[in-house]
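First the structure, in the form of structure tokens, and then the observations on it.
Naming convention: chains lettered A, B, ... in sequence-line order (proteins, then strands); numbering from 1 in each chain.
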Amino acid sequence: PAESSKPKFYALSMFPYPSGNLHMGHVRVYTIVDVIARHKRMQGFRVLNPMGWDAFGLPAENAAIERNIPPAKWTYANIDQMREQLKDLGISFDWDKEVTTCSPDYYQWTQWLFLQFLNMGLAYQKEALVNWDPIDQTVLANEQVDSEGKSWRSGAKVERKQLRQWFFKITDYAEQLLQDLDQLSGWPERVRLMQANWIGKSIGAHVTFTTQDGDDLTVFTTRPDTLWGATFMVISPEHPLVEKLTTPAQSEAIKAYQAEAAGKSEMDRTAEGREKTGVWTGGYAINPVNAEKIPVWIADYVLVDYGTGAIMAVPAHDQRDFEFAKTFNLPIKVVVQPQDQTLDGETLAAAYSGEGVMVNSEPLDGVPAGKGKGKSVEAAIAHLEAIHKGKGTSNYRLRDWLISRQRYWGCPIPVVHCPQCGVVPVPDSELPVKLPDNVEFSGKGSPLAKLEDWVNVPCPTCGTPAQRETDTMDTFMCSSWYFMRYPDAQNSGAAFDPAVTNDWMPVDQYVGGIEHAILHLLYSRFFTKVMRDRGLLTCDEPFKRLLTQGMVQGKTYKNPKTERYVIPQNIKDLANPVDPETGDALEIVYEKMSKSKHNGTAPGEVITKYGADTARMNILFKAPPEKDLEWDDADVEGQFRFLNRVWRLVTESSVGAKGIAPSSSTKPLIKAEKDLRRAVHTAIKEVSEDLQDEYQFNTAVSELMKLSNALNDAGIKQSGVYTEGIETLITLLAPFAPHIAEELWKQIGKTSSVHQQPWPKLDPDALISDELTLVIQVMGKTRGTVQVPASATREELETYARTSEVGQRYLEGQTVKKAIVVPGKLVNFVLS
RNA sequence: GGGGGCGUGGCGGAAUGGUAGACGCUACGGACUUAAAAUCCGUUGACUGUAAGGUCGUAUGGGUUCAAGUCCCUUCGCCCCCACCA
């Protein structure tokens with residue numbers, strides 16, 4: 001059929017960072033996506049299976065600093081090398097759709113997308129706390145700060161610093177991003193849960209207190225019903241009202257605490273454990289429901305960017321508040337009384353959060369405590385809304401996405417800061433804002449900010465001297481829309497033609513690592529929704545189905561005493577490994593491949609020695625795709641043997657396949673032929689099923705092995721059924737081992753490509769057997785089997801079982817109370 | 001602390017509630033070979049038995065069922081995500 005009339009299938013694998021070398025993890029993802037793509041093509045789909053490069057990022061800048069190689073040169077050299085390695089693996093990518101995020105052809109449109117967000121009010125600037133390296137004069141990502149709070153490069157103690165940063169308002173889409181998870185039935189449940197968890201919706205209320213100065217002080221709480229038990233308030237050290245609330249007497253202590261909190265990284269704050277710290281501002285707020293005057297404290301356990309950055313503290317019913325109250329000797333007031341005991345704030349040993357009824361909470365007294373219809377939370381919200389002091393609301397853990405980075409090797413943010421006009425977008429006609437290449441890399445400060453020629457430009461609006469933004473974008477920006485670009489990768493006039501991209505979207509199958517379960521997938525979903533609202537996409541969700549493949553782990557020889565990893569070459573007897581230095585017995589454990597563990601295997605070595613097909617087969621066969629895979633070079637031999645067996649089966653002994661036409665229905669089949677044909681069609685059924693719903697490549701490969709074994713054992717090599725079997729084996733093998741399959745296809749005299757063959761069609765009649773193996777159970781225990789005609793009725797099955805040798809042996813002298821007959825399977829005799 | 005997952009031979013792993021251990025690796029035995037490699041054949045959950053066979057067996061203890069690796073509850077162990085989240 002014409003290409004355009006076929007149904008579409010968009011297969012997508014997460015594009016790699018071009019580090020320069022393919023590792024086993026890459027081999028795994030791309031082999032998986034390739035099997036899927038090849039199978040779909042044979043099934044008659046038009047398939048898009050593109051590849052590209054997530055090419056901005058730190059390693060290129062590090063190479064520039066350490067080895068004085070320009071980041072672009074380093075990156076493109078790596079891309080060329082990895083592209084060749086992927087081709088060696090035989091992955092059927094559509095190379096004409098290749099995208100490279102660091103190429104101006106691509107990042108021009110990343111910039112354009114940024115401006116769409118800006119126009120739509122979804123991009124904004126605000127001060128934010130960042131990790132600042134005082135020696136290198138640069139901002140650090142969280143991953144670049146070690147567990148002791150020091151910079152990975154300079155070793156300097158990292159500071160927290162307020163800097164003006166760009167954000168995307170992903171929080172505007174929090175509810176949609178949460179709701180639409182329900183549509184993603186083709187995603188692993190755990191990924192959906194991780195996303196839901198990350199968005200972190202909690203339902204509760206905003207409650208407005210009034211400070212002594214008459215300012216509103218709003219808190220978010222999931223338990224507004226316990227408001228009557230609030231005995232103090234805690235606001236974060238960065239809260240805007242801190243200064244106003246602080247009395248002169250407390251001023252010094254508050255400032256000291258604020259400074260201490262500011263100096264701490266997030267690591268430090270959590271590393272401290274659970275001990276509560278805080279300082280009283282000296283100020284008070286009025287509880288809106290009972291007019292009680294309660295003190296306002298600051299403490300770093302209240303986070304400025306969660307909720308409203310302020311909480312009401314109910315020590316009787318919240319453990320954190322309880323600990324705080326005990327530490328600082330604050331009053332504890334019980335407002336929920338359980339049925340079976342009487343709580344007293346004075347003697348309480350821990351916060352009580354169980355069931356009970358409301359007390360000391362007029363007008364809620366007597367209402368059952370808790371969430372749900374007719375319970376106290378609902379009643380409290382109704383009361384608050386009635387007195388206009390609060391309202392029911394939801395809060396999300398999700399925060400706006402900080403997209404700016406103070407780095408060179410990223411996509412420049414296309415705005416100009418004008419003293420007259422403020423933030424001015426660079427006009428579309430002047431995009432892309434290109435990264436300058438005459439840059440010096442000292443490792444200190446932002447290289448872009450130092451380039452005066454580049455920074456100083458006239459304002460696009462008013463023409464007065466202005467400055468370019470010198471921040472670049474988070475690389476997650478580039479990867480949040482690449483799948484929209486692929487279908488129309490060559491378009492030089494737009495990010496993509498909606499007609500073209502909408503034809504392919506959504507992605508039918510996405511394959512990638514679980515490490516992207518949250519950020520990349522969430523950002524991509526966010527971008528898709530924004531593009532939909534911008535009128536460019538028609539789908540709500542970008543990825544219909546998601547497969548998260550497990551890690552590839554390498555075999556390590558570990559000394560359990562010294563915790564050291566021994567180089568395998570240094571071990572004399574690998575079967576009984578012993579540490580050559582200490583003499584300790586080594587244990588074999590599989591861990592993430594790394595140089596320091598001496599457990600890496602370069603895919604290139606395997607390909608050179610055994611061929612790409614062997615590498616592919618081994619990685620598919622060793623474990624189900626979503627599980628971690630233990631790579632052992634020794635196993636590769638097994639796959640190599642299998643492919644060699646198939647090779648010999650076809651080339652040496654296949655007289656039939658070469659000269660004899662596949663089975664025709666003109667002649668009745670003899671039993672051996674029927675048996676072989678059943679094996680052939682069982683393989684078609686099983687392999688097809690394994691590639692259909694849940695991808696189970698490991699069992700698919702084992703079915704191919706079974707078919708190969710059946711053909712090998714068949715004594716009817718002159719039969720047309722044998723020819724059918726050989727042709728089927730090669731065709732089924734094609735998506736898995738494309739090179740060998742193609743070669744064998746030529747060997748049996750075909751002129752077309754095996755990859756253009758239709759996927760083998762199952763003949764259900766071929767599966768039908770004249771006989772079946774009936775299992776005989778007595779009291780649920782399997783006692784034996786008997787061959788019976790497949791056509792036997794229930795009654796006949798029971799009789800066959802009874803009269804069989806096994807049946808007679810076990811039933812002699814026994815009374816059968818009941819016989820359970822499962823047609824086609826078994827008979828179970830229940831004795832009295 | 002919250003959420004989720006997993007536990008099956010020496011190993012990787014198979015099993016719509018219906019013969020547990022498919023398929024493969026390792027190991028052992030044999031054939032071929034002057035020899036080795038490769039290849040081919042056989043054995044390979046434990047205990048027991050000359051054998052036919054029997055008993056036990058899917059982390060643990062219980063339950064549901066004619067029948068449980070599979071469903072329900074207990075306990076133990078491991079892994080992942082989030083986490084002073086109000």
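Taking a pair to require two hydrogen-bonding distances under 3.5 Å in either a Watson-Crick or a G-U wobble arrangement, A37(B) remains unpaired. Across all strands shown, U19(B) remains unpaired; no Watson-Crick or G-U wobble contact has both distances below 3.5 Å. For C76(B), the paired base is G7(B) (Watson-Crick or G-U wobble, both distances below 3.5 Å). G1(B): Watson-Crick or G-U partner is C82(B), with both key distances under 3.5 Å. Pair check for G42(B) finds C28(B); Watson-Crick or G-U wobble, both atom distances under 3.5 Å.
For Thr782(A) and A20(B), the shortest distance from a side-chain N or O to OP1 or OP2 is below 4.0 Å. Distances shorter than 4.0 Å separate some side-chain N or O of Asn698(A) from OP1 or OP2 on A14(B). For the OP1/OP2 pair of C40(B) and a distance below 4.0 Å, the side-chain nitrogens and oxygens of Arg648(A) include at least one atom meeting the criterion. At C81(B), none of the side-chain N or O atoms of Arg397(A) fall inside 4.0 Å of OP1 or OP2 (strictly under the cut-off). Side-chain N/O atoms of Arg641(A) include none lying less than 4.0 angstrom from OP1 or OP2 on G24(B). Distances shown here put a side-chain N or O of Gln696(A) below 4.0 Å from the OP1 or OP2 atom of A15(B). Here Arg190(A) does not reach the OP1 or OP2 of C79(B): none of its side-chain N or O atoms lies under 4.0 Å away. Contact check, Asn618(A) against G24(B): no side-chain N or O comes under 4.0 Å of OP1 or OP2. Regarding contacts with the backbone of G13(B), a side-chain N or O of Lys627(A) is found under 4.0 angstrom from either OP1 or OP2.
Side-chain atoms of Asn828(A) come within donor-acceptor range of the base of C66(B), with a qualifying N/O pair under 3.5 Å. Residue-to-nucleotide contacts include no donor-acceptor pair under 3.5 Å from the side chain of Glu189(A) to the base of G5(B).
The nucleotide whose nearest atom lies closest to any side-chain atom of Lys818(A) is, among C66(B), C84(B), A22(B), C66(B). The listed nucleotides are A22(B), U19(B), C85(B); the one nearest the side chain of Thr699(A) is A22(B). In this structure, of C23(B), G18(B), C82(B), it is C82(B) that holds the atom nearest to the side chain of Trp198(A).
The separation between Leu629(A) atom CG and C25(B) atom C1' is 13 Å, rounded to whole Å. Going from atom CG of Asp628(A) over to atom C1' of C78(B) covers 13 Å, rounded to whole Å. Taking atom CD on Glu630(A) and atom C1' on U26(B), their separation rounds to 14 Å, with Å as the unit. Look at CD1 on Ile518(A): it is 17 Å from P on G3(B), rounded to the nearest Å. Met194(A) has its CE atom 14 Å from the P atom of G4(B), to the nearest Å. Protein atom OH of Tyr810(A) is 8 Å distant from nucleotide atom C1' of G53(B), rounded to whole Å. Look at CD on Glu805(A): it is 10 Å from C1' on A52(B), rounded to the nearest Å. Note: NZ (Lys622(A)) to C1' (A22(B)) measures 16 Å, nearest angstrom.
Contact annotation for Thr308(A): no contact, since no heavy-atom pair falls under 4.0 Å across all strands. In this structure, Gln777(A) reaches the bases: a heavy-atom distance under 4.0 Å links it to at least one base atom across the strands shown. Within the 4.0 angstrom heavy-atom criterion, only backbone atoms of the sugar-phosphate kind lie near Asp635(A); the bases stay farther away. The residue Asn709(A) sits close only to the backbone: its heavy atoms come under 4.0 Å of sugar-phosphate atoms, none of a base. When heavy atoms are screened at a 4.0 angstrom cut-off, Lys825(A) is found touching base atoms of the nucleic acid. Residue-level contact check: Gly638(A) touches the backbone only, with heavy atoms under 4.0 Å from sugar-phosphate atoms and none from bases. Within 4.0 Å (heavy atoms only), Val822(A) reaches at least one base atom of the nucleic acid. Using a 4.0 Å heavy-atom distance criterion, Lys781(A) is classed as a sugar-phosphate-only contact. Backbone-only contact: Leu193(A) has heavy atoms under 4.0 Å from sugar-phosphate atoms and none from a base. Among the protein residues, Phe621(A) comes within range of the nucleic acid bases, having at least one heavy atom under 4.0 Å from a base atom. Residue contacts shown for Thr221(A) are limited to sugar-phosphate atoms, with no base heavy atom under 4.0 Å away.
Nearer the 5' end of RNA chain B, as judged by each residue's closest nucleotide, is the contact made by Leu826(A), out of Ala310(A) and Leu826(A). Residue-to-nucleotide proximity on RNA chain B shows that, of Ala634(A) and Met312(A), the 5′-proximal contact is made by Ala634(A).
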Check the pair Trp280(A) / Phe328(A) against ring-ring contact (aromatic ring centres under 6.0 Å, His included), numbers first and verdict last.
CA-CA 10 Å; Trp280(A) 180 37; Phe328(A) 296 104; over 10 Å; no
Run the numbers on Lys685(A) and Glu689(A) for salt bridge (Lys or Arg N to Asp or Glu O under 4.0 Å), then give the verdict.
CA-CA 6 Å; Lys685(A) 178 170 180 277; Glu689(A) 282 175 5; 3.6 Å; yes
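With contacts defined as side-chain heavy-atom distances shorter than 4.5 Å, the pair Tyr352(A)/Asp318(A) does not qualify.
Salt-bridge check for Glu323(A) with Lys326(A): failed, with every basic side-chain N at 4.0 Å or more from each acidic carboxylate O. Glu637(A) has no carboxylate O lying under 4.0 Å from a charged side-chain N of Lys609(A), or vice versa, which leaves the two without a salt bridge.
Proximity of the aromatic rings of Phe642(A) and Phe640(A) is defined here by a centroid distance below 6.0 angstrom, and this criterion is not met. Taking the centre of each ring, Phe324(A) and Tyr301(A) come in below the 6.0 Å mark. Aromatic pair Phe476(A)/Trp401(A): ring centres not closer than 6.0 Å.
For Arg190(A), the CZ atom is loosely surrounded, since the number of other residues' heavy atoms within 6.0 Å does not exceed 12.
Separating the P atom of A59(B) from that of U43(B) is a span of 28 Å, rounded to the nearest Å.
Base orientation of G53(B): anti, the glycosidic angle falling outside 90° of 0.
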